[in-house]
Amino acid sequence: MQIVPITDLDAPGLADYSRLTDVALRRVSEPANGLYIAESAKVIGRALAAGHRPRSVLVQEQWLPDAQHLLADWPDVPIYVGSAVLLEQLTGYNLHRGAMAAMHRPDLASVADIIRGARRIVILEDIVDHTNVGAIFRSVAGLGADAVLITPRCADPLYRRSVRVSMGTVLQVPWTRLPEWGEAAPVLKENGFHLAALALADDAVSLDAFAVDPPDRVALILGTEGDGLSRHALAVADSVVTIPMMHGVDSLNVASASAVALYALRA
């Protein structure tokens with residue numbers, strides 16, 4: 001196993017942790033699909049369990065035995081080791097979770113592969129806040145939905161904040177990107193999905209009523225934080241569903257709304 005004590009913060013193998021932003025990591029020329037950062041032993045373990053390939057691991061000295069255990073099947077992957085003070089100088093923040101790994105991004109599956117056999121899926125339309133994306137993935141994993149589809153302009157689920165907030169569930173929930181609605185909606189409907197848009201509308205049905213006898217296959221569509229769902233999403237929806245609210249509040253944060261709706265629709 002390649003245990004590499006850190007003696008030079010400018011060593012080439014450390015650039016993934018010190019000099020590359022999330023956007024830059026995606027553009028790393030090797031591998032073609034770029035990299036993402038997994039933080040904490042739990043998240044690294046979920047990434048490995050999902051079949052993702054590590055490029056290197058960075059750990060505090062006391063976490064080395066855990067890293068060695070995680071990488072038992074990856075003896076050629078370097079494990080960079082340093083003190084908490086040294087790693088904070090390298091990364092720019094306190095590595096309180098003890099470990100992080102630079103992981104090769106997997107190829108995205110096709111929409112057909114992701115929805116095959118699924119009964120409950122969530123579609124994220126243009127949600128740009130990485131914290132909300134991560135929180136929604138955690139709700140999907142915890143409340144039993146089968147997959148997540150994201151639109152072309154939705155935030156990256158493998159951005160480090162999304163991965164962290166999701167507690168690594170973005171690495172275990174099947175997901176991929178959709179094409180634009182004109183191409184995506186027919187594919188979903190041909191596969192038997194009822195498109196349920198979560199939105200405010202005069203003709204919306206209450207979530208309580210919708211959940212009494214929901215369609216067998218439901219795709220719950222959630223919209224961007226500011227403007228909600230686009231007119232294109234609403235136009236292709238089979239139903240518009242709203243969460244009943246009280247005390248003059250008209251809506252919830254999109255991540256909270258996802259949890260409420262998924263709980264109501266749990267099989």
Side-chain angles (χ1 to χ4, degrees), residues 33 46-47 49-52 105-127 132-158 162-163 165-199 205 207-224 229-230 232-241 243 254-267:
N33 291 324
R46 283 182 170 166
H52 298 192
R105 282 176 172 265
D107 293 330
L108 287 179
S110 68
V111 172
D113 286 341
I114 291 294
I115 65 176
R116 185 176 296 116
R119 294 185 58 246
R120 297 286 183 269
I121 64 174
V122 172
I123 299 175
L124 309 185
E125 186 193 44
D126 299 352
I127 295 178
N132 283 334
V133 170
I136 292 169
F137 267 84
R138 192 171 181 182
S139 294
V140 167
L143 296 171
D146 301 303
V148 175
L149 301 176
I150 64 175
T151 59
R153 288 167 293 281
C154 186
D156 178 16
L158 293 184
S162 297
V163 176
V165 170
S166 80
M167 295 297 291
T169 56
V170 297
L171 308 172
Q172 68 185 67
V173 173
W175 69 274
T176 197
R177 284 196 183 268
L178 281 172
E180 299 292 351
W181 281 117
E183 183 179 348
V187 171
L188 293 166
K189 293 186 179 186
E190 287 166 7
N191 280 273
F193 278 96
H194 181 101
L195 304 188
L198 204 61
V205 60
L207 176 61
D208 294 335
F210 186 75
V212 169
D213 186 23
D216 183 58
R217 307 187 87 185
V218 176
L220 183 67
I221 311 173
L222 301 169
T224 188
L229 290 172
S230 70
H232 300 290
L234 293 172
V236 300
D238 299 299
S239 298
V240 178
V241 180
I243 297 173
V254 65
S256 299
S258 74
V260 171
L262 288 171
Y263 182 80
L265 295 173
R266 69 195 186 283

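Every value quoted in this text rests on a predicted model; they were computed, and no experiment measured them.
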Grab the two heavy atoms, one from [X] and one from [Y], that are nearest each other, plus how far apart they are.
{"X": "V173", "Y": "A141", "answer": "CG2-CB, 3.8 Å"}
{"X": "V165", "Y": "A135", "answer": "CG1-N, 3.6 Å"}
{"X": "A155", "Y": "I150", "answer": "O-CD1, 4.1 Å"}
{"X": "A219", "Y": "F193", "answer": "N-CD2, 3.9 Å"}
{"X": "S162", "Y": "P157", "answer": "CB-O, 3.2 Å"}
{"X": "A197", "Y": "A237", "answer": "CB-CB, 3.7 Å"}

From [atom1] ([X]) to [atom2] ([Y]), nearest 0.5 Å:
{"X": "H52", "Y": "L158", "atom1": "NE2", "atom2": "CG", "result": "7.0 Å"}
{"X": "I136", "Y": "L124", "atom1": "CD1", "atom2": "CG", "result": "5.0 Å"}
{"X": "L149", "Y": "T176", "atom1": "CG", "atom2": "OG1", "result": "7.5 Å"}
{"X": "R120", "Y": "L143", "atom1": "CZ", "atom2": "CG", "result": "12.5 Å"}
{"X": "L207", "Y": "S239", "atom1": "CG", "atom2": "OG", "result": "11.5 Å"}
{"X": "I243", "Y": "D208", "atom1": "CD1", "atom2": "CG", "result": "9.5 Å"}

Check against side-chain contact (heavy atoms from CB on, under 4.5 Å), D156 and R105: CA-CA 12 Å; D156 178 16; R105 282 176 172 265; 2.4 Å; yes
Keeping [X] on the side-chain end and [Y] on the backbone end, is there a donor-acceptor pair under 3.5 Å?
{"X": "R217", "Y": "L188", "result": "no"}
{"X": "K189", "Y": "V236", "result": "yes"}
{"X": "E125", "Y": "I221", "result": "no"}

With sequence neighbours excluded, residues passing side-chain hydrogen bond (donor to acceptor under 3.5 Å, both in side chains) with S110: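 D113.
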Whether F137 and W175 hold their rings parallel, tilted or perpendicular, with breakpoints at 30° and 60°: perpendicular
Just so I know, are the side chains of [X] and [Y] near enough to count as touching, which here means a heavy-atom distance under 4.5 Å?
{"X": "T169", "Y": "V140", "answer": "no"}
{"X": "I127", "Y": "V254", "answer": "yes"}
{"X": "V111", "Y": "E183", "answer": "no"}

Pairs where residues 137-153 contributes a residue and the test salt bridge (Lys or Arg N to Asp or Glu O under 4.0 Å) is met, not counting sequence neighbours: D126-R153, R153-E180
Residue pair I123, L178: steps toward the side-chain contact (heavy atoms from CB on, under 4.5 Å) verdict: CA-CA 9 Å; I123 299 175; L178 281 172; 3.7 Å; yes
Non-neighbouring partners of D213 that pass salt bridge (Lys or Arg N to Asp or Glu O under 4.0 Å), sequence neighbours left out: none
